[in-house]
Amino acid sequence: MSNTERLGGQFYLLEDFMTRQEPLGAYASIADVQRHTSLSRPTIYRLIERGAFEAIKVGRNTRIVTASVEAYFASLPRLPAKAA
């Protein structure tokens with residue numbers, strides 16, 4: 001089983017298993033946003049301070065409104081396609 005793993009009677013490619021992520025709910029932790037966007041923790045907090053990401057406090061926990069993350073990425077400029 002070089003690049004496969006047996007799970008529940010089925011074989012999965014390890015690459016597929018390791019990269020599979022559950023979709024975020026309406027609110028996500030800082031760690032969840034980090035995993036899904038590959039942004040660093042300080043960058044996420046800077047985006048919150050700038051108002052790019054909407055966040056709420058639940059006790060001591062910070063939760064980010066995932067719609068604001070999606071809106072932020074949708075607002076970023078797209079790179080032009082290279083000519084063939």
Side-chain angles (χ1 to χ4, degrees):
M1 279 195 266
S2 60
N3 66 344
T4 59
E5 188 71 30
R6 187 180 170 120
L7 297 170
Q10 294 181 329
F11 286 93
Y12 294 91
L13 290 175
L14 281 179
E15 297 82 17
D16 291 343
F17 182 75
M18 296 304 290
T19 59
R20 191 176 304 147
Q21 294 181 355
E22 292 294 319
L24 295 175
Y27 302 95
S29 68
I30 299 292
D32 288 339
V33 173
Q34 276 184 273
R35 273 191 301 280
H36 282 277
T37 63
S38 299
L39 295 173
S40 70
R41 188 175 193 85
T43 298
I44 292 170
Y45 277 106
R46 276 194 301 275
L47 289 168
I48 292 169
E49 288 174 11
R50 289 185 204 155
F53 288 176
E54 185 181 350
I56 60 171
K57 292 296 277 186
V58 181
R60 292 175 44 190
N61 298 308
T62 301
R63 293 292 179 256
I64 298 174
V65 179
T66 56
S68 68
V69 176
E70 292 170 6
Y72 172 75
F73 278 97
S75 73
L76 294 175
R78 301 292 185 237
L79 294 176
K82 291 187 178 186

(request) Measure from the side-chain N and O atoms of Thr43 to the backbone N and O of Leu39, and report whether any donor-acceptor pair falls under 3.5 Å. (result)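 Pair absent, no side-chain N/O of Thr43 close to backbone of Leu39.
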
(message) Between Thr66 and Ala26 (side chain of the first, backbone of the second, donor and acceptor by atom type, cut-off under 3.5 Å), is there such a pair?
(response)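 Yes; at least one donor-acceptor contact below 3.5 Å.
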
(request) Decide yes or no for Ile44 and Arg46: does some side-chain heavy atom of the first lie under 4.5 Å from some side-chain heavy atom of the second? (result)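 They are not in contact (no side-chain heavy atoms under 4.5 Å apart), so the answer is no.
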
Membership question, hydrophobic clusters at under 4.5 Å side-chain separation (ILVMFWY): are [Y] and [X] in the same one?
X	Y	answer
Phe73	Ile48	yes
Val33	Leu76	yes
Val58	Ile64	no

(request) For side chain to side chain contact (heavy atoms under 4.5 Å, CB included), just list the numbers for Ile30 and Tyr45, CA-CA rounded to whole Å, side-chain angles, deciding distance to a tenth of an Å, and then say yes or no. (result) CA-CA 9 Å; Ile30 299 292; Tyr45 277 106; 3.7 Å; yes

(message) With side chain to side chain contact (heavy atoms under 4.5 Å, CB included) as the criterion, how do Glu49 and Leu47 come out once you've worked through the C-alpha distance, each side chain's angles and the decisive distance to 0.1 Å?
(response) CA-CA 5 Å; Glu49 288 174 11; Leu47 289 168; over 6 Å; no

(message) For residues 71-81, which residue pairs pass the salt bridge (Lys or Arg N to Asp or Glu O under 4.0 Å) check, not counting sequence neighbours?
(response)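 Pairs touching residues 71-81 that pass the test: none.
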
(message) Under the rule for ring-ring contact (aromatic ring centres under 6.0 Å, His included), what residues qualify as partners of Tyr72, not counting sequence neighbours?
(response)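 Listed in chain order: Phe53.
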
(message) Looking at every heavy atom in both Glu54 and Ser68, which two are closest together, and how far apart are they?
(response)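 In terms of heavy atoms, the two residues are closest at N-OG, 2.9 Å.
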
(message) Going by side-chain contact (heavy atoms from CB on, under 4.5 Å), name the residues that satisfy it together with Leu79, two or more places apart in sequence or in a different chain.
(response)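 Residues passing side-chain contact (heavy atoms from CB on, under 4.5 Å) with Leu79: none at all.
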
